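Worksheet: the structure to be examined is printed underneath.
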Amino acid sequence: MSNIKPEDFFKSIIGHCKEYGFIFQSSEIYDGLSAVYDYGQMGAELKKNIRDYWWKAMVQMHENIVGIDSAIFMHPTTWKASGHVDAFNDPLIDNKDSKKRYRADVLIEEHVAKIEDKINKEVEKAAKRFENFDAEMFKSTNGRVKEYQEKIDAINERFKTALNANNLEEVKQIIIDLEIVCPISGTKNWTDVRQFNLMFNTSTGAVTDETNIIYLRPETAQGIFVNYLNVQKTGRMKLPFGIAQTGKAFRNEIVARQFIFRMREFEQMEMQFFIKPGTEMEWYEYWKKARLNWHLALGLGSEKYRFHDHLKLAHYANAACDIEHQFPFGFKELEGIHSRTDFDLKQHQEFSGKKLQYFDSETNESYVPYVLETSVGLDRLFLAVLSSALKEESLEGGDTRTVLNLPLALAPYKAAIFPLVKKDGLPELAESIMKDLKFDFMVAYDEKDTVGKRYRRQDAIGTPFCITVDHQSLEDKTVTIRHRDTMKQDRVAISDLHSILTEKTSINSLLRTL
RNA sequence: GCGAAAGUAGCUCAAUUGGUAGAGCUCCAGCCUUCCAAGCUGGAGGUUGCGGGUUCGAGACCCGUCUUUCGCUCCA
């Protein structure tokens, strides 16, 4: 595997996903829809198992964490309060010569900053000339400085007016009038300014009307924040407590690529942990450790994970880091752990006019709790698991086999049942074993082709165990159980199969390792 | 969104300067077979991504479009 180039390995993952029914491109018969993918019969199982593992680890294993399932549609004001309406609306412009893209507002702000520099230089110069220099006085009286300041004010005013009117042509005209050049090419050969709204929108009601525009949520977190008080009161929750949920979110990415790593429609698994202000760094460290351990328990290899601390923090955070995973295309974000302070709840308090405070009976005071967020991309985790699991093994005798070394608890099928041959009553016994196991496990049945071929088929979809019924089985009620990873076989009693599978392949067993 | 490359059966790929679309694997039905993809027989599967154009004739050439990959850009 080491001699395979990363790009080729990544291609083989995508190919494997399609070939064995893990992931298909959306609407493939219509040439597909860019950056949208469907989970197939194997993928849906694997994804569900990952989600279950998360849900059980977060909700079932913590008495102070509860789960909810909030709607994708939310009141439009939600996104004003959260900052997404502003933050996800960037006017962008390209320089045709350098092929570089810029945010139009940044270009203009940088231009303004240059003029401000000039003012500062004037002030500096003057400061050297006069004793008892009053900078403010100088700024308000010096002709050259006043001229610069007027220019800045004029630009800002014009830009603000253009933005508020959503007049993108005017924004472009400002850039042209200011003779702003591309830092790379040095030319003024600009494209039109285009607005990229990262939020999808649609409308409620039968009549399409601007007042009814609603967004598809760009993150699931806000559904938790707006329900914080509902859950706290009805669940009689005391700080610290958490609210978890999994669900779809939507972002109209300009460039969405790298298979399911960045999709327009994706699924998040989020937990917002509500805490007393001042304790956030404690909990930040706690959840960093807890979440990393959760990932490590999957056994994909500890060398594949690392923390990446955010140096530049988002508007809502006072501490933030990512758990990064080594994907075939490098270390990339898998999960974010953010200390969001009271930003979100305060914003919703302000925009809704409803108090979102918590009464602390220990200290007899009310306050808006701080929030510690853990947020995993389910699709990214799926990709992490799958790409770590896919192996092309060389066997003795020059053979190779394709095997998915999935964590046993996550495998779509836990076992496959084979009659060694398709006669002598072996299929009947095999089927009766399957009928018994399927109450508790996803099991496959296969009697086609040689048994070796059947083993390989199951290896390719990551089935941990293959149970083969042979002639001896008819006599002593035993079968062979073949292990995916070692290809070794043991002979066990049919009556023991249930407990073996439970011990080895259940999510509960995985949870016990945490 | 820009630039580059690519798109032929489920998969991997052929197809001479433009001249009747093929192979292997897979899949399906059956035979054979007592444990790691390898035997035998038969079968299915294609409007060459899609739409135009040039030509007597296009998988190939031209234009458009969609999708994918890589680089840039953007981003939780």
Side-chain angles (χ1 to χ4, degrees), chain A residues 5-8 10-12 14-16 18-21 24-37 84 87-88 90 92-103 106 184 191-192 194 196 198 218-221 249 251-259 261-262 266 268 270 308 310 314 316-317 320 322 329 332-338 373 375-377 380 393 395-403 418-424 426 448-460 466-473 479-484 486-489 491:
Chain A
K5 281 188 284 181
E7 311 93 84
D8 292 340
F10 191 42
K11 272 183 193 163
S12 76
I14 297 168
H16 194 86
K18 189 189 171 191
E19 187 173 354
Y20 290 95
F24 307 121
Q25 197 184 3
S26 165
S27 319
E28 196 186 356
I29 62 168
Y30 293 107
D31 290 330
L33 185 61
S34 181
V36 184
Y37 292 89
H84 285 88
F88 274 20
D90 296 334
L92 299 180
I93 189 166
D94 291 6
N95 183 273
K96 288 179 188 168
D97 297 313
S98 65
K99 310 290 185 199
K100 294 285 174 188
R101 167 167 298 165
Y102 302 92
R103 279 174 53 176
V106 170
I184 307 288
T191 62
D192 288 341
R194 282 156 300 180
F196 286 87
L198 255 54
E219 65 173 31
T220 53
R251 284 183 200 172
N252 197 4
E253 302 281 354
I254 303 165
V255 176
R257 274 210 218 134
Q258 287 172 314
F259 197 39
F261 185 80
R262 176 164 292 131
F266 58 100
Q268 294 183 309
E270 288 198 332
H308 174 253
H310 288 208
Y316 52 74
D322 296 335
F329 40 85
K332 298 279 179 186
E333 179 192 355
L334 182 61
E335 171 155 4
I337 295 157
H338 298 169
E373 169 189 80
S375 174
V376 204
R380 288 182 179 186
E393 280 184 0
L395 305 176
E396 292 170 35
D399 271 1
T400 62
R401 71 161 181 159
T402 303
V403 58
F418 306 149
L420 185 58
V421 291
K422 205 172 17 174
K423 60 183 181 188
D424 305 334
L426 299 187
K448 176 89 178 126
D449 298 313
T450 65
V451 72
K453 214 166 180 172
R454 284 178 265 167
Y455 288 147
R456 298 302 174 83
R457 275 203 285 264
Q458 296 301 324
D459 287 340
C466 290
I467 295 159
T468 303
V469 175
D470 55 21
H471 290 91
Q472 189 184 331
S473 306
V479 290
T480 64
I481 183 162
R482 178 260 196 191
H483 300 251
R484 176 194 68 194
T486 61
M487 298 168 69
K488 295 259 166 59
Q489 284 176 282
R491 182 162 283 276

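The model shown is predicted, which means the values in this text are computed figures rather than measured ones. In what follows, chains carry the letters A, B, and so on, assigned in the order in which the sequence lines appear, proteins first and then strands, with residues in each chain numbered from 1.
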So what does [X] touch, heavy atoms closer than 4.0 Å: a base, only the sugar-phosphate, or nothing?
X	value
A/R482	base
A/S375	nothing
A/D459	nothing
A/E219	nothing

Choosing from [options], which nucleotide comes nearest the side chain of [X]?
X	options	value
A/Q489	B/U69, B/C35, B/U67	B/C35
A/V451	B/C35, B/A29, B/U33	B/C35
A/T468	B/C27, B/C35, B/U68	B/C35
A/T450	B/C35, B/A38, B/U68	B/A38

Paired nucleotide for B/A21 [Watson-Crick or G-U wobble; both distances under 3.5 Å]: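 Result: none.
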Member of A/V479, A/I481, A/D470, A/T468 meeting the side-chain contact (heavy atoms from CB on, under 4.5 Å) criterion with A/R491: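 So, applying the side-chain contact (heavy atoms from CB on, under 4.5 Å) to A/R491 and each of A/V479, A/I481, A/D470, A/T468, only A/D470 qualifies.
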B/C50 and B/A9, which share atom name P, separated by this distance in whole Å: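 Straight-line distance between the two P atoms is 10 Å.
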Spacing between A/Y20 atom OH and B/C27 atom P, to the nearest angstrom: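 Distance check: A/Y20 OH to B/C27 P gives 9 Å.
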